[in-house]
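Here the structure is a predicted model, which means the values were calculated and not measured.
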Amino acid sequence: MVMTWPMVKAEGVHKRFGRLEVLKGITLELQAGEVMCLLGPSGSGKSTFLRCINHLEKINAGRLSVDGELVGYRQVGEKLHELREGEVARKRAEIGMVFQHFNLFGHMTALENVTCAPIRVKKEPRERARARASELLGRVGLADKLEAYPAQLSGGQQQRVAIARALAMEPKLMLFDEPTSALDPELVGDVLEAMRQLARAGMTMLVVTHEMGFAREAADTVVFMDEGVVVEAGRPADVLASPRQERTRAFLSKVL
């Protein structure tokens, strides 16, 4: 019998920063091979939830697991024991994350940015890492930019290098935190196309976005969050075209 479980499972996840409760009991599941888009106004907790998934933020209550394993903790009997930083880092390496800002190393070429982590973290042979990096940069439409430095690239090109860099670690899950929000409008399309190709290839993706067209086209599930709670979740056709909740309708009336 083959055991199956969600790639991401959140059960009553709470997160506080001091007195401010940012997540107020998030419960959701993302299946392997599916794309989930998180929508909602700024400050609704979307990015914080993403950061909790790879333990950049520690949750205060609830349970959060990736591929059947708790994030940041090991359960022994009834007790949870926090993992050491080295163990957390190993788990984090299995999750790719693409931020709003590209965070590329300015002194490295596109190829070097993509090969850096596989060589240093996974101890991949340099030639194998370079071959894979070339392939990944080609996949995101940058085959002719291998030797370009970040300063020589547009914002959209830099973000596609960041996507290739995340993919170079062969992650089981990709997290995108508003990957197009810092881009000029005419540069957004190429980044979204790279993400669509990933979705078509079966990559499990959790995407915080304001790009409603992408959510409608690429997502299996759309989740609308507001004030730290899940207001509504379902298929894109249902949530975006005929939302049940008044708060969802009010938000979509402003962005669609």
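Nearest heavy atom pair, residue Ala241 against residue Ala237, reads CB-O, 2.9 Å. The shortest non-hydrogen separation linking Ala182 to His101 is CB-CE1, 3.8 Å. Between Lys15 and Lys58 the shortest heavy-atom distance is NZ-O, 2.8 Å. Looking at every heavy atom in both residues, Asp220 comes nearest to Glu34 through OD2-CA, 3.2 Å.
Side-chain contact between Lys91 and His55 is absent, with no heavy atoms from C-beta onward closer than 4.5 Å. At a threshold of 4.5 Å between non-hydrogen side-chain atoms, the residues Arg244 and Val239 do not count as touching. At least one side-chain heavy atom of Met195 sits under 4.5 Å from a side-chain heavy atom of Ile163. When side chains are defined from C-beta on, Glu211 counts as touching Thr180, because their heavy atoms get closer than 4.5 Å. Annotation: side chain of Phe214 is in contact with side chain of Val207 (closest heavy-atom distance under 4.5 Å). In this structure, the side chains of Gln245 and Arg249 stay at 4.5 Å or more apart for every pair of heavy atoms. A 4.5 Å side-chain heavy-atom check between Leu56 and Met97 finds at least one atom pair inside the cut-off. Within the 4.5 Å cutoff, side-chain heavy atoms of Thr221 are placed close to those of Val223.
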Check step by step if side chain to side chain contact (heavy atoms under 4.5 Å, CB included) holds for Leu104 and Arg165.
CA-CA 9 Å; Leu104 299 179; Arg165 179 180 59 182; 3.7 Å; yes

Full working for side chain to side chain contact (heavy atoms under 4.5 Å, CB included) between Glu217 and Leu192:
CA-CA 11 Å; Glu217 179 186 335; Leu192 293 179; over 6 Å; no

Determine, stepwise, if the pair Glu85 / Arg92 fulfils salt bridge (charged side-chain N to carboxylate O under 4.0 Å, His left out).
CA-CA 10 Å; Glu85 187 53 43; Arg92 193 177 287 142; 3.7 Å; yes

Side chain to side chain contact (heavy atoms under 4.5 Å, CB included) for Leu175 and Val208? Distances and angles first, verdict last.
CA-CA 8 Å; Leu175 307 176; Val208 173; over 6 Å; no

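Look at Glu193 and Arg160 and you find no salt bridge, because none of the NZ, NE, NH1 or NH2 atoms lies under 4.0 Å from a carboxylate O. For the pair Glu94 and Lys172, the salt-bridge criterion is met [side-chain N within less than 4.0 Å of a carboxylate O].
Side-chain contact annotation: Thr248 with Glu232, donor-acceptor N/O pair under 3.5 Å present. Using a 3.5 Å distance cut-off with no hydrogens or angles, the side chains of Asp226 and Ser44 do not pair a donor with an acceptor.
The aromatic rings of Phe251 and His210 sit tilted, their planes meeting at an angle between 30° and 60°.
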Without placing hydrogens or testing angles, list every side-chain donor-acceptor pair under 3.5 Å for residues 132-153, not counting sequence neighbours.
| from | atom 1 | to | atom 2 | distance (Å) |
| --- | --- | --- | --- | --- |
| Arg132 | NH2 | Leu167 | O | 3.4 |
| Ser134 | OG | Arg130 | O | 3.0 |
| Gln152 | OE1 | Tyr149 | N | 2.7 |

